[in-house]
Amino acid sequence: MLRTHTCGELTRDHEGTAVTLCGWVQNWRDHGGLVFVDLRDRYGITQVVFNPQSHPDVHAVARTLRSEWVIQVSGRVVLRPSDMVNPNIATGDIEVRADALKILNRSKTPPFEPSAFDLPNEELRLKYRYIDLRRPVLRDALVLRHKLTQAARNYFDRHGFLEIETPMLGRSTPEGARDYLVPSRVHPGSFYALPQSPQLYKQILMVAGLDRYYQIARCFRDEDLRADRQPEFTQIDVEMSFVERDDILQIIDGLVAEMLEAVGRSAPSLPLPRYSYAEVMERFGTDKPDMRFGMELVDISSIVANCEFGVFRNTIESGGRVRGLNAPQAAEKYSRRIIDELTRFVGDFGAKGLAFFRVKDGALDSPIAKFFDSETQQAIIRTMDARPGDLLFFVADKDAVSSPALAALRNRLGRELQLYDPNDLNVLWVIDFPLFGWNEDERRWDAEHHPFCFPVVEDIPLLETDPGAVRAQSYDLVCNGCEAGSGSIRIHDPEVQGKVFALLGIDAAEAERRFGFLLEALRYGAPPHGGIALGLDRWVMLLSGLTNIRDVIAFPKTQRAADLMTGAPSPVDERQLRELHIRVDLPAD
RNA sequence: GGGGCCGUAGCUCAAUUGGUUAGAGUACCGGACUGUCGAUCCGGGGGUUGCGGGUUCAAGUCCCGUCGGCCUCGCCA
């Protein structure tokens, strides 16, 4: 080893020790006499002092050091004078008096410095990712990520799970997300697809009798990106045989507790709370509620059904509802201009308007308050549990519009009004999802989770009569309003599978063409089984307090799915295309 | 595919209503300085205002297009 210690470990206890450190020059301060260097590695920062009297040759070289040069320093650990301790770094009690210095490598002047106070734009950071990754916040996220996967591996190993790899080159199954395709050289005109998830493989592993499977699995989806979505991402993928829903929830409860413990968070009380889909949709308007704060949705339809305000009355007459929420003590904080902005905000979700009332002098204050008689106003105040200074918002529409709009508004207000501690963690289950959702555009049923999800047994007869009422044996793990895991008990009975496919508009021939290999496998002794996948990247975000998925992935892609460091994707040689039997047909212009 | 924000020195930003030679901090280069830790002080170099076009006596500023980055709706079983 070129070093005896790291830059993060020396303390008072090492006083007098001869050490050799390696690292990057984070900063240097040349006093003409003494030269100070802040030496950084993965573990921390240590101050090195070069003295012209004791080691003039070494000192002369030290004066030439520049940012991000890589050096090896030998010297003795000394205590700093008490008034020169640096409380900002872990090694601030000591410094290393250098008696030898070797420049291991020089650096071009970096385009930005990892210690900079003003971060450069993300484009530059992504191009020089290796410099950005020297910053503690990104380094810490990768460390936390490692701890999480390590905790998961330990946990699964203790519980008898096998880590099994599944193919990256698989068969395209056209539903779900868009596939990333890989052309086959030896099968002209045929393509592999990168896995959107190992879903079908893991079910087949259960048919094979492997019983308990897990994998830290890379998944690929060619869809538009978001702050929390990358084209390739990682799932902690799990499947178990001979289990019922509660068995999965229980095993994942334990995993969550272990992961939180591994990163130094306090253990959640188990079992994690479980809420039905119907309940959270009614109370929060979303299937991934952030329960770190209240501000629940309230239905005032019955109060305003006969009011003078046409928008409310007409909405209710045509089968919609008027629902809203109470932003506590926000009446003064939100000006008309900001409320107009909130109106545009809910408009993004299709809401045609946002009614608001300030609660003032025991009544409602608003441009539309005149449409509500005093009795109605009092009823609204009572129902909304409103106090003077509160600000009430309402959206009148069918639930399909008002729920997402109000849920987004609730999240935004909760954050802006600081209704919760951002360091809190709130983890919960949502269960009893509907098996199908009605696709209005295409006039048909879609699988809410995926087509292999088992119905609640007592609901199976409803498949024939009322598909929309059939509940699924599926479950989502929700953390701080973020979908952090999703799974289900699978269909292991070909007959039930056939009925579900039929409802989804997939006839036998079509099913055979798309999933024949799975259906065939299910006919050879498939055990009852089920599983779940946790979004690793999102867990790292949540536990790091970061809001951007790029910050928890070593080499992420931009919103247009490009890697600015390597230049991927890129055109390829004509010869490569010929070998793959591919002719590129670019759109004109 | 739609909506929004952004692009000026290596970097972070400024530049009045369209008006002088596009500035500051930092980084970089040279010099001074023996206890700094966002060191300090003195001096210096550094610009295709993303790119292309247009309007104008005059464009960093206005208009059109385009490229790139971010946020977001749709999309993501």
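Throughout, protein chains are lettered first and strands after them, A, B, ... in sequence-line order, and every chain is numbered starting at 1. What you see below is based on every heavy atom in this structure, not just the backbone, and it leaves out hydrogens, waters and symmetry mates. As the structure is a computational prediction, the values presented were derived from the model and not from experiment.
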- If you check every side-chain atom of A:Glu122, which of B:C75, B:G35, B:G69 has the closest atom? B:G69
- With sugar-phosphate meaning primed atoms plus P, OP1 and OP2, does A:Ile89 contact a base, only sugar-phosphate, or nothing at under 4.0 Å between heavy atoms? nothing
- Query: For A:Asn121, which contact category applies under a 4.0 Å heavy-atom criterion: base, sugar-phosphate, or nothing?
  - Reply: sugar-phosphate
- Integer angstrom distance from the C1' of B:G50 to that of B:U8: 10 Å
- Side-chain donor-acceptor pair present, A:Tyr334, A:Glu416, cut-off under 3.5 Å: yes
- Query: Which part of the nucleic acid, if any, lies within reach of A:Pro451 when heavy atoms closer than 4.0 Å are counted: base, sugar-phosphate only, or nothing?
  - Reply: base
- Task: Grab the CD1-P distance between A:Ile549 and B:C76 for me, whole Å please.
- Result: 18 Å
- Query: So, A:Arg323 and A:Ser402: side-chain donor and acceptor under 3.5 Å apart, yes or no?
  - Reply: yes
- Task: If B:C62 has a Watson-Crick or G-U wobble mate with both distances under 3.5 Å, name it; if not, just say none.
- Result: B:G54
- Item | P-based separation of B:A15 from B:U55 [nearest Å] | 28 Å
- Message: Under 4.0 Å, counting only non-hydrogen atoms across every strand here, what does A:Phe349 touch: a base, just sugar-phosphate, or nothing?
- Response: sugar-phosphate
- Assess the side chains of A:Ser172 and A:Asp179: does a donor N or O sit below 3.5 Å from an acceptor N or O? yes
- Neighbour count above 12 (heavy atom, 6.0 Å) for A:Asp585 CG: no
- Item | Spacing of A:Lys557 atom NZ relative to B:G68 atom C1', expressed in whole Å | 18 Å
- Side-chain donor-acceptor pair under 3.5 Å between A:His450 and A:Arg490, yes or no? yes
- Message: At 4.0 Å (heavy atoms only), tell me whether A:Glu68 reaches a base, stays on the sugar-phosphate, or touches nothing.
- Response: nothing
- Aro-ring/base stack A:Phe117-B:G38, d under 5.5 Å, angle under 30°: yes
- Query: Taking the nucleotide of RNA chain B with the closest heavy atom to each, which residue, A:Leu225 or A:Thr558, is nearer the 5' end?
  - Reply: A:Thr558
- Indicate, with a heavy-atom threshold strictly under 4.0 Å, whether A:Leu124 touches base, sugar-phosphate, or nothing. sugar-phosphate
- Donor-acceptor side-chain pairing of A:Gln235 and A:Arg538 below 3.5 angstrom: no
- Nucleotide nearest A:Ala227 (side chain, heavy atoms from C-beta), chosen from B:U72, B:C70, B:C37: B:U72
- Re B:U26: Watson-Crick or G-U wobble partner, both distances kept under 3.5 Å, found to be B:G10
- Message: Base, sugar-phosphate or nothing for A:Phe112? Non-hydrogen atoms, less than 4.0 Å.
- Response: nothing
- Query: When the C1' atoms of B:U61 and B:A22 are considered, how many whole Å apart are they?
  - Reply: 12 Å
- Task: Pick the C1' atom in B:A9 and in B:G3, then give their distance to the nearest Å.
- Result: 33 Å
- Task: Check the side chains of A:Arg550 and A:Thr558 for a donor-acceptor pair under 3.5 angstrom, ignoring hydrogens and angles.
- Result: no
- What about A:Asp224, does its side chain sit under 3.5 Å from the base of B:C75 through a donor-acceptor pair? no
- Query: With a 3.5 Å cut-off and just heavy-atom distances, do the side chain of A:Arg226 and the base of B:G74 make a donor-acceptor pair?
  - Reply: yes
- Message: Can you tell me which nucleotide in B:C37, B:G69, B:U72 comes closest to the side chain of A:Arg560?
- Response: B:G69
- Spacing between A:Asp132 atom CG and B:G69 atom C1', to the nearest angstrom: 14 Å
- Given the side-chain rings of A:Trp69 and A:Trp24, with only the six-membered ring counted for Trp, is the space between their centroids under 6.0 Å? no
- Message: If you only use heavy atoms from C-beta on, which nucleotide in B:C11, B:U72, B:G35 is closest to the side chain of A:Pro120?
- Response: B:C11
- Task: Would you kindly say whether A:Asp340 and A:Thr343 are connected by a side-chain donor-acceptor distance under 3.5 Å?
- Result: no
- Note on the structure: Rounded to whole Å, the CD-P distance (A:Gln47 to B:A39) equals 11 Å
- Distance below 4.0 Å between A:Arg29 side-chain N/O and B:A39 OP1 or OP2: yes
- Under 3.5 Å, is there a donor-acceptor pair between the A:Asp432 and A:Tyr475 side chains? no
- Query: Below 4.0 angstrom from OP1 or OP2 of B:C71, is there any side-chain N or O of A:Asn548?
  - Reply: yes
- Message: Over all strands shown, is A:Arg550 touching base, sugar-phosphate only, or nothing at heavy-atom distances under 4.0 angstrom?
- Response: sugar-phosphate
- Roughly how many Å is it from CZ in A:Arg80 to P in B:C37, rounded to a whole number? 11 Å
- Message: Any non-hydrogen side-chain atom of A:Phe220 less than 4.5 Å from a side-chain atom of A:Gln196?
- Response: no
- A:Asp228 CG to B:C73 C1', straight-line distance once rounded to whole Å: 14 Å
- Message: Is it the case that atom CZ in A:Arg412 sees more than 12 heavy atoms from other parts of the structure closer than 6.0 Å?
- Response: yes
- Polar contact flag, side-chain donor to acceptor under 3.5 angstrom, A:Asn411-A:Asp290: no
- Message: Across nucleotides 26-33 of chain B, 5' to 3', mark each nucleotide with B, S or - according to how protein heavy atoms within less than 4.0 Å reach it.
- Response: -SSS---B
- Item | Pairwise C1' distance for B:C33 and B:A58, with rounding to whole Å | 50 Å
- Side chain A:Glu95 and base B:G35 donor-acceptor under 3.5 Å: yes
- Query: Would you say the base of B:G74 and the side-chain of A:Arg178 have a donor-acceptor pair closer than 3.5 Å?
  - Reply: no
- Side-chain donor or acceptor of A:Arg221 under 3.5 Å from a matching atom on the base of B:C76? no
- Could you give the CG-to-P distance, from A:Leu119 to B:G69, as a whole number of Å? 18 Å
- Query: If we take the P atom in both B:G46 and B:C29, what is their distance in whole Å?
  - Reply: 16 Å
N/O-N/O pairs, protein side and nucleotides 41-44 of chain B side, under 3.5 Å:
none

- Note on the structure: Assign each of A:Asn51 and A:Arg229 the nucleotide of RNA chain B bearing its closest heavy atom; nearer the 5' end lies the nucleotide of A:Asn51
- Task: For nucleotides B:G30 and B:U16, find the distance between their P atoms and express it as a whole number of Å.
- Result: 36 Å
- Message: Looking at B:C5, which nucleotide sits across from it as a Watson-Crick or G-U wobble partner, both distances under 3.5 angstrom, or is there none?
- Response: B:G69
- Query: Taking CG from A:Asp118 and P from B:C6, how many angstroms apart are they, rounded to a whole number?
  - Reply: 18 Å
- For atom CZ of A:Arg42, is the number of surrounding heavy atoms from other residues, nucleotides or ligands below 6.0 Å larger than 12? no
- Query: Considering only the C1' atoms, how many Å lie between B:C13 and B:G7, rounded to the nearest integer?
  - Reply: 13 Å
- Side-chain atoms of A:Ala562 come closest, of B:G69, B:G35, B:G10, to B:G69
